[in-house]
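Remember, it's a predicted structure, so these values are computed and weren't measured experimentally.
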Amino acid sequence: MAAASAGNGRGGVSLCLATATGVKALALSAFTLVWTHSIAKVDWQEDWRVTPAGLELVQARVKGTGPGMEPPPEARLVDGWFQWRPARAPMPEVVLGNSGAAGEWRLCHDGVCQTLSEIVGHPIGANVTKMSICDEQQK
């Protein structure tokens with residue numbers, strides 16, 4: 001992934017993905033997280049920003065509805081996607097679980113999407129992955 005080696009031009013923050021076997025730093029300031037619902041088999045997407053204050057969820061989209069994935073009342077249907085802007089403060093860490101029932105989380109940046117296993121270079125399996133801001137020792 002090009003974002004893993006390219007600078008983000010801001011000289012400050014990077015995204016770190018911590019798995020059971022190590023940490024992978026990605027020099028990027030924005031990305032989209034994508035996954036497929038295990039029952040409804042429709043995609044859910046979230047746009048994130050990497051900021052000094054933490055990981056900021058900017059927008060969420062879902063391609064349909066299903067158990068546990070009902071869009072909130074403020075969501076608007078745009079080009080077949082229910083879209084909304086979640087109102088939450090930046091988070092220091094986001095924990096991604098993997099049931100194994102619907103495939104892997106995918107991270108997209110600059111038009112390229114890869115599974116977390118592809119990004120970190122080994123199978124993630126059912127282990128959790130923690131997303132956070134990298135500290136200076138992790139860069």
Side-chain angles (χ1 to χ4, degrees):
M1 176 174 189
S5 59
N8 63 9
R10 297 174 350 137
V13 295
S14 296
L15 176 68
C16 273
L17 300 175
T19 66
T21 59
V23 177
K24 177 78 172 192
L26 304 174
L28 49 82
S29 59
F31 63 94
T32 299
L33 191 63
V34 181
W35 68 96
T36 303
H37 190 272
S38 60
I39 297 169
K41 304 296 184 204
V42 296
D43 279 350
W44 185 293
Q45 300 180 351
E46 293 178 344
D47 296 332
W48 291 84
R49 274 197 294 250
V50 182
T51 73
L55 299 175
E56 181 183 1
L57 179 55
V58 178
Q59 184 179 60
R61 293 176 294 284
V62 64
K63 190 71 172 173
T65 60
M69 53 188 295
E70 298 80 12
E74 67 272 16
R76 298 293 171 251
L77 187 60
V78 179
D79 296 328
W81 291 84
F82 290 99
Q83 299 183 18
W84 67 97
R85 296 191 182 281
R88 63 172 32 185
M91 296 170 276
E93 177 180 87
V94 176
V95 178
L96 305 174
N98 187 357
S99 71
E104 266 194 74
W105 296 91
R106 298 176 308 279
L107 191 143
C108 305
H109 177 68
D110 285 341
V112 176
C113 296
Q114 292 182 296
T115 66
L116 295 184
S117 291
E118 290 170 329
I119 293 168
V120 301
H122 60 81
I124 300 286
N127 297 310
V128 300
T129 300
K130 294 181 182 178
M131 296 191 313
S132 65
I133 302 301
C134 298
D135 63 35
E136 286 302 315
Q137 296 172 338
Q138 294 170 312
K139 290 183 182 177

(request) Ignoring hydrogens and angles, tell me if any N or O in the side chain of S117 forms a donor-acceptor pair with the backbone of I124 under 3.5 Å. (result) yes

(request) Might you point out which heavy atoms bring W35 and R106 nearest each other, and give the distance in Å? (result) CA-NH1, 4.1 Å

(message) Could you report the tightest heavy-atom contact between A60 and P86, atom names first, then the distance?
(response) N-CD, 4.0 Å

(request) Indicate the atoms forming the closest heavy-atom contact of C108 with V34, along with that distance. (result) SG-CG2, 3.8 Å

(message) Going by salt bridge (charged side-chain N to carboxylate O under 4.0 Å, His left out), name the residues that satisfy it together with E56, two or more places apart in sequence or in a different chain.
(response) R49

(request) Could you check whether the rings of W44 and W84 sit parallel, tilted or perpendicular, using 30° and 60° as the cut-offs? (result) perpendicular

(request) Give the minimum heavy-atom separation between E104 and L116, together with the two atoms involved. (result) OE1-N, 3.4 Å

(message) Less than 4.5 Å apart, side chain to side chain, heavy atoms only: is that true for L15 and L55?
(response) yes

(message) Between T19 and H122, is there a side-chain heavy-atom distance shorter than 4.5 Å?
(response) yes

(message) Give me the atom names and distance for the closest heavy-atom approach of T32 to Q45.
(response) CG2-CB, 4.1 Å

(request) Please go through V128's hydrophobic cluster and name the other residues, only I, L, V, M, F, W, Y counting, with side-chain heavy atoms under 4.5 Å joining them. (result) V95

(request) Applying side chain to side chain donor-acceptor pair (under 3.5 Å), name anything that partners W105, two or more places apart in sequence or on another chain. (result) none

(message) With side chain to side chain donor-acceptor pair (under 3.5 Å) as the test, pick out the partner of Q83 among Q59, R76, R61.
(response) Q59

(request) Taking all heavy atoms of V94 and all of W48, pick out the closest pair and write down the distance. (result) CG2-CH2, 3.7 Å

